[in-house]
Visitor: 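Structure in structure tokens, see below.
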There are 2 protein chains.
Amino acid sequence: MTEQSKYLPRPPKKSRRPAVKAEAIPSVVPTERPGPEGGKRAENRRTKANLLASAALRLMLERGIEAVTIDDIVVQAGVAKGSFYRYFDDKEALVRGILAPLEEPLHEAFTRCRRALADADRGPSLVAPYASFAAEIAHTIFELESVTRLYLQERRGANAGARRPIARLARFIDDSAETLAAFANARGLTRPGDSQVSAAVVVGAAEHLAYRALLGETQLRSPAVAVELIAIILDGVRLSE
Amino acid sequence: MTEQSKYLPRPPKKSRRPAVKAEAIPSVVPTERPGPEGGKRAENRRTKANLLASAALRLMLERGIEAVTIDDIVVQAGVAKGSFYRYFDDKEALVRGILAPLEEPLHEAFTRCRRALADADRGPSLVAPYASFAAEIAHTIFELESVTRLYLQERRGANAGARRPIARLARFIDDSAETLAAFANARGLTRPGDSQVSAAVVVGAAEHLAYRALLGETQLRSPAVAVELIAIILDGVRLSE
DNA sequence: AGAAAACATGACTGAACAGTCAAAGTATTT
DNA sequence: AAATACTTTGACTGTTCAGTCATGTTTTCT
């Protein structure tokens, strides 16, 4: 005996909002305010978007992006399913939102480094920009551990569905590394060789190390590890003869 | 007007196989022959298992393990859905089957290398075992490009569902690398430092380079790239002063 | 204050999916 | 050749999921 009435819509009282078409809905980004001001509503909006994003992030780190459903997310966040779709168009948009705070500083760091390299054409310390770049990135990564871990975890794999924003970032990182490596090579900072290879080596090494560190292998989390990484990249593992 | 009769089971003629319980079904591995000989049946079995596995591999490389459904696989392979379940218990078992030919030679190469290192205690060329190891692995990887690519693509991420066998292999590789790095370090082959770090660096660099190469970036596929990878790992990218 | 607009809710829909099974087909044995 | 054991098939079931929408609630505007 299924109780039908339980599943019927709540009894109508007054239709206060008759058939508004979907034009007013904020489409992609949750922080995009559709109409008003900086009052209570805007506050709630931010709070709820963050609630959803951080619930999603937690689940995705546990189970992987694809295994997490919208229902999982709303249950974890403690909101209704319909609310999710007020803040994000779909899972891909959500991932875009989650990744944004990581993407921005990376873009900036890269741009800054490239400019610095262009400026300091043949100054004595052409190495300084690289050092700043590394420091900035390290700072960002540890500022945004969970997001970084999500990126590292889902970095490879098909550029489809919810993983598309991650593939985009991965591509940007590969390309940036190659640009910087090519520059270093052209200026004679590094041994001659294919800069695509050295870029891939550096990215692969740094990302894998970061991934293992962020996974919680505590021995890998000391600042000394970053120093050692740089030492190995610069001078290799071989004991000098 | 749904045509009911269309969806009814085909009309019974003679039940030639009355209610056999599921005990006779070959459970996990498709190559495990349930009864008879080495005749035509065994041949068909192998053929079909390979058909399913390679169809699945193709799809998984395109879309990622999780996005591929059993229906996708059987359509691609051109067999009925029920047949899939005669050969594999589920997607995880299938992935296990796909990975097996890669896992075996890797296990062997590692075991061989460790033994060689243990034997050649303080001989002059303690480096030779590492060189053979690298050569063996390179050979295996390029022998099994697609499987390797699947491994690299799905290597990280949650240890759950169909990805479990891949996580297992990833873990084995990380651990093996660490063992070999620790050995090299203890024997004074490498500069002092945390061997966990150097192991992670080597694995990360090699895997990322292999991944990019297998993705089809043709400039990265020459044998010179492997040489350059080793050079960078041994001596770094820095131009000697 | 009241009106209007944005926001929240969760039952509901239709599609997609993993896994099953009775019936029909094919190799192997006797 | 007939019986037997293994194999194939695809319609079917029950479940899970993304996305919708009518109704109810809160904030903002006037």
Side-chain angles (χ1 to χ4, degrees), chain A residues 2-26 30 33-45 47-49 52 66-75 77-92 94 161-162, chain B residues 3-22 24-26 30 33-45 47-49 66-75 77-92 161-162:
Chain A
T2 317
E3 259 231 306
Q4 269 209 6
S5 62
K6 186 178 169 191
Y7 295 104
L8 288 175
R10 278 163 284 184
K13 283 194 173 175
K14 256 176 228 165
S15 178
R16 271 192 272 184
R17 187 201 174 206
V20 177
K21 280 300 162 209
E23 284 132 52
I25 291 176
R33 300 145 356 138
E37 23 34 66
K40 195 152 167 187
R41 197 117 87 186
E43 176 63 22
N44 288 346
R45 245 198 310 274
T47 303
K48 206 154 191 182
L52 281 166
E66 305 211 70
V68 175
T69 68
I70 308 295
D71 286 276
D72 290 338
I73 295 169
V74 297
V75 167
V79 304
K81 189 168 189 179
S83 293
F84 176 89
Y85 289 98
R86 180 160 299 277
Y87 288 93
F88 303 99
D89 278 354
D90 51 21
K91 216 161 65 172
E92 181 179 342
L94 170 63
Chain B
E3 258 229 305
Q4 270 209 6
S5 62
K6 186 178 169 190
Y7 295 105
L8 288 174
R10 279 162 283 182
K13 283 194 174 175
K14 257 176 227 164
S15 178
R16 273 193 271 186
R17 188 200 174 206
V20 177
K21 280 300 163 210
I25 292 177
R33 299 144 358 136
E37 24 33 67
K40 196 153 166 187
R41 198 117 88 187
E43 176 63 22
N44 287 346
R45 244 195 312 273
T47 303
K48 204 153 192 181
E66 306 210 70
V68 175
T69 69
I70 308 295
D71 285 275
D72 291 337
I73 295 169
V74 297
V75 166
V79 304
K81 190 167 188 180
S83 293
F84 177 89
Y85 288 98
R86 179 158 301 275
Y87 287 94
F88 303 100
D89 277 356
D90 52 20
K91 216 159 67 169
E92 180 179 341

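Below, chain A is the first sequence line, B the second, and so on; all start at residue 1.
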Visitor: What is the separation between atom CZ on A:Arg45 and atom P on D:dT27, rounded to the nearest whole Å?
Guide: 12 Å
Visitor: Provide, to the nearest angstrom, the distance between the CZ atom belonging to A:Phe88 and the C1' atom belonging to C:dC7.
Guide: 15 Å
Visitor: Atom pairs, N/O to N/O, protein against nucleotides 18-20 of chain C, distance under 3.5 Å?
Guide:
| unit_1 | atom_1 | unit_2 | atom_2 | d |
| --- | --- | --- | --- | --- |
| C:dA18 | OP1 | B:Ile70 | N | 3.4 |
| C:dA18 | OP2 | B:Ile70 | N | 3.1 |
| C:dA18 | N7 | B:Lys81 | NZ | 2.6 |
| C:dG19 | OP2 | B:Tyr85 | OH | 3.2 |
| C:dG19 | N7 | B:Lys81 | NZ | 3.1 |
| C:dG19 | O6 | B:Lys81 | NZ | 3.2 |

Visitor: With sequence neighbours excluded, tell me which residues meet side chain to side chain contact (heavy atoms under 4.5 Å, CB included) with B:Asp72.
Guide: B:Leu59, B:Arg63, B:Val68, B:Thr69
Visitor: Would you kindly give the CD-to-P distance between A:Glu43 and D:dT28, to the nearest whole Å?
Guide: 11 Å
Visitor: In whole Å, I'd like the distance from the NZ atom of A:Lys48 to the P atom of D:dT25.
Guide: 14 Å
Visitor: Quick one, B:Ile73 and B:Val79 - any side-chain contact, counting heavy atoms below 4.5 Å?
Guide: no
Visitor: Taking the side chain as C-beta and beyond, is there a heavy-atom pair between A:Tyr85 and A:Ile70 under 4.5 Å?
Guide: yes
Visitor: When you check the phosphate oxygens OP1 and OP2 of D:dT8, does a side-chain N or O of B:Tyr87 lie under 4.0 Å from one of them?
Guide: yes
Visitor: Atom CZ of B:Arg86 and atom P of D:dG10: how far apart are they, to the nearest Å?
Guide: 15 Å
Visitor: With nearest nucleotide decided by heavy atoms, which residue, A:Ser83 or B:Ala67, maps closer to the 5′ end of DNA chain C?
Guide: A:Ser83
Visitor: Which nucleotide, C:dA27, C:dT9, D:dT27, lies nearest any side-chain atom of B:Asn44?
Guide: C:dA27
Visitor: Among A:Leu52, A:Asp71, A:Asp89, A:Asp90, which residue satisfies the side chain to side chain contact (heavy atoms under 4.5 Å, CB included) criterion with A:Phe84?
Guide: A:Leu52
Visitor: Of the nucleotides D:dT27, C:dC7, C:dT9, which has the atom closest to the A:Val79 side chain?
Guide: C:dT9
Visitor: With B:Ala80, which residues qualify under side chain to side chain contact (heavy atoms under 4.5 Å, CB included), at least two apart?
Guide: B:Ser83
Visitor: Take atom CD of A:Glu66 and atom C1' of D:dT16, then tell me their distance rounded to the nearest Å.
Guide: 16 Å
Visitor: Which heavy atom of B:Tyr87 sits nearest a heavy atom of B:Ala49, and at what distance?
Guide: CD2-CB, 4.0 Å
